[in-house]
There are 2 protein chains.
Amino acid sequence: MTDDLVLRRQVCFALYAASRALTDVYRPILDEFGLTYPQYLVLLVLWERGDDAPTVSELGAALRLDSGTLSPLLKRLEAAGLVVRTRSARDERRVEVGLTADGVALRQRMDEVPLRVARATGLGEAELIALRDTLTRVTETIHRQKEQ
Amino acid sequence: MTDDLVLRRQVCFALYAASRALTDVYRPILDEFGLTYPQYLVLLVLWERGDDAPTVSELGAALRLDSGTLSPLLKRLEAAGLVVRTRSARDERRVEVGLTADGVALRQRMDEVPLRVARATGLGEAELIALRDTLTRVTETIHRQKEQ
DNA sequence: GGCAATTAAGTTGTGCACAATCGATCTGGC
DNA sequence: GCCAGATCGATTGTGCACAACTTAATTGCC
């Protein structure tokens with residue numbers, strides 16, 4: 001039982017280390033575009049949404065990040081000219097996050113990013129899909145248990 | 001190809017989300033002991049080492065963290081009375097990180113932490129081992145490629 | 001219609017992560 | 001023995017993450 005405490009036997013450390021290693025892969029690639037990894041994730045959501053600009057809390061729900069993380073991050077994306085934040089006319093509490101022309105255009109320029117990163121993992125497509133599905137299941141199990 | 005940009009199709013997001021979800025599982029458990037997750041990882045290494053106290057850079061090699069992260073973290077562990085930092089007599093550049101009696105004793109009290117966390121993932125033992133091995137392989141592939 | 005409860009976003013404070021830099025110490029080649 | 005280069009840890013600055021709190025706007029209940 002004591003052996004379970006050994007670092008390399010723990011899935012949790014493997015997950016933590018893999019997550020940071022992957023961020024290391026992203027960093028130099030995203031640097032070319034002046035972005036950080038969480039900023040890139042926000043853009044992925046915006047690109048996926050197309051025309052209907054999500055609110056800050058909808059972004060938060062998609063990425064599971066709160067306003068404490070998103071507010072300053074979105075300000076930096078706005079300062080970079082990729083995003084605009086506008087108070088909703090119908091509900092003055094809401095802030096809608098939309099893409100600028102530059103933000104939309106960036107999508108094409110970053111087309112090859114996922115492929116470049118996938119290559120760096122050294123895994124085949126089938127393995128990547130299996131890994132992703134297991135991880136998604138872990139994440140969803142954890143979140144489901146937390147809601148109860 | 002454009003579909004590859006969709007958030008939920010990316011392994012990378014799955015890894016990032018799973019890592020944060022797992023940290024969420026650790027947080028309330030480690031809170032009982034007044035620890036954060038990275039602090040717990042440092043203790044795991046120290047417990048594993050037993051008597052020979054590692055230096056800051058040896059800790060960094062084990063966890064892949066640099067002094068910018070470890071220096072303040074170790075000061076907090078020292079302030080909590082779990083760890084002592086002593087300049088090596090033989091090489092005044094090195095700082096050896098040892099456990100206090102409290103730090104050693106904590107190991108027993110935290111014996112069930114891995115089990116409690118493993119349960120929260122909702123995966124069986126075989127799945128956990130397979131997931132861990134895949135993740136370890138990803139991490140090592142990435143680090144190997146970076147060294148070349 | 002009035003007001004308590006809720007919701008939305010922002011702010012503050014703490015603790016990682018990591019790049020870049022610094023000062024002190026050590027090492028090897030001469 | 002000396003000194004250029006390397007190593008070690010700490011520090012500074014930026015950017016997440018997240019808890020706790022604040023402010024403003026909205027909703028529902030009566």
Side-chain angles (χ1 to χ4, degrees), chain A residues 13 16-28 30-31 34-43 53-61 63-80 83-97 143 146, chain B residues 13 16-28 30-31 34-43 53-61 63-80 83-97 143 146:
Chain A
F13 177 67
Y16 168 77
S19 177
R20 284 195 301 126
L22 207 57
T23 307
D24 282 349
V25 174
Y26 271 102
R27 203 183 320 280
L30 294 181
D31 255 2
L35 293 175
T36 65
Y37 182 58
Q39 287 167 12
Y40 175 63
L41 292 180
V42 166
L43 289 177
T55 64
V56 173
S57 51
E58 283 168 347
L59 266 176
L63 298 172
R64 298 194 178 271
L65 293 170
D66 68 0
S67 67
T69 302
L70 285 175
S71 285
L73 187 157
L74 291 172
K75 280 185 183 173
R76 283 185 282 271
L77 283 182
E78 191 170 40
V83 144
V84 270
R85 298 181 305 138
T86 46
R87 285 271 162 198
S88 164
R90 281 184 329 227
D91 185 341
E92 290 278 346
R93 290 172 306 180
R94 293 163 184 268
V95 168
E96 286 158 5
V97 182
H143 288 137
K146 209 165 63 176
Chain B
F13 177 68
Y16 168 77
S19 178
R20 284 195 300 126
L22 206 57
T23 308
D24 283 348
V25 173
Y26 270 104
R27 204 185 318 282
L30 295 181
D31 255 2
L35 293 175
T36 65
Y37 181 58
Q39 288 168 9
Y40 174 62
L41 292 179
V42 166
L43 289 177
T55 64
V56 173
S57 52
E58 284 168 347
L59 267 176
L63 298 172
R64 298 195 178 270
L65 293 170
D66 68 2
S67 67
T69 301
L70 285 174
S71 285
L73 187 157
L74 291 171
K75 280 187 183 172
R76 284 185 283 270
L77 282 182
E78 191 170 42
V83 145
V84 270
R85 297 180 307 139
T86 46
R87 284 269 162 202
S88 164
R90 285 184 326 230
D91 185 341
E92 292 277 345
R93 290 171 307 178
R94 293 165 185 269
V95 168
E96 286 158 6
V97 182
H143 289 138
K146 209 165 62 176

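Heavy atoms only: backbone and side chains are in, while hydrogens, waters and symmetry mates are out. Quick caveat, the model's predicted, so the values are computed rather than measured. Letters go in sequence order (proteins before strands), and every chain restarts at 1.
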Side-chain touch [X]/[Y], heavy atoms, less than 4.5 angstrom:
{"X": "V56(B)", "Y": "V97(B)", "answer": "yes"}
{"X": "L63(B)", "Y": "T69(B)", "answer": "no"}
{"X": "L59(A)", "Y": "L74(A)", "answer": "yes"}

Looking at dT11(C), I'd like to know if its phosphate oxygens (OP1 or OP2) sit under 4.0 Å from a side-chain N or O belonging to K75(A).
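For dT11(C), OP1 or OP2 has a side-chain N or O of K75(A) closer than 4.0 Å.
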Measure from [atom1] on [X] to [atom2] on [N] and round the result to the nearest Å.
{"X": "L74(A)", "N": "dG10(C)", "atom1": "CG", "atom2": "P", "value": "7 Å"}
{"X": "D31(A)", "N": "dT14(D)", "atom1": "CG", "atom2": "P", "value": "15 Å"}
{"X": "L35(A)", "N": "dT14(D)", "atom1": "CG", "atom2": "P", "value": "18 Å"}
{"X": "R94(B)", "N": "dT7(D)", "atom1": "CZ", "atom2": "P", "value": "11 Å"}
{"X": "L22(A)", "N": "dC18(C)", "atom1": "CG", "atom2": "P", "value": "12 Å"}
{"X": "R87(B)", "N": "dC8(D)", "atom1": "CZ", "atom2": "P", "value": "12 Å"}
{"X": "D91(A)", "N": "dA9(C)", "atom1": "CG", "atom2": "P", "value": "8 Å"}
{"X": "E78(A)", "N": "dA9(C)", "atom1": "CD", "atom2": "P", "value": "14 Å"}

Report the relative orientation of the aromatic rings in Y40(A) and Y26(A); use parallel for angles under 30°, tilted for 30 to 60°, perpendicular for over 60°.
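Plane angle between 30° and 60°, so tilted.
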Would you mind building the protein contact string for nucleotides 15-24 of chain D? One character per nucleotide, 5' to 3', B for base within reach (heavy atoms under 4.0 Å), S for sugar-phosphate only, - for untouched.
SSBBB-----
Please compare E92(A) and R85(B) by the position of their nearest nucleotide in DNA chain D and report the one closer to 5'.
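Result: R85(B).
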Not counting sequence neighbours, which residues clear salt bridge (charged side-chain N to carboxylate O under 4.0 Å, His left out) with R20(A)? List them please.
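Checked R20(A) against salt bridge (charged side-chain N to carboxylate O under 4.0 Å, His left out); zero matches.
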Go through the structure and list residues passing salt bridge (charged side-chain N to carboxylate O under 4.0 Å, His left out) with D66(A), not counting sequence neighbours.
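Expected list: none.
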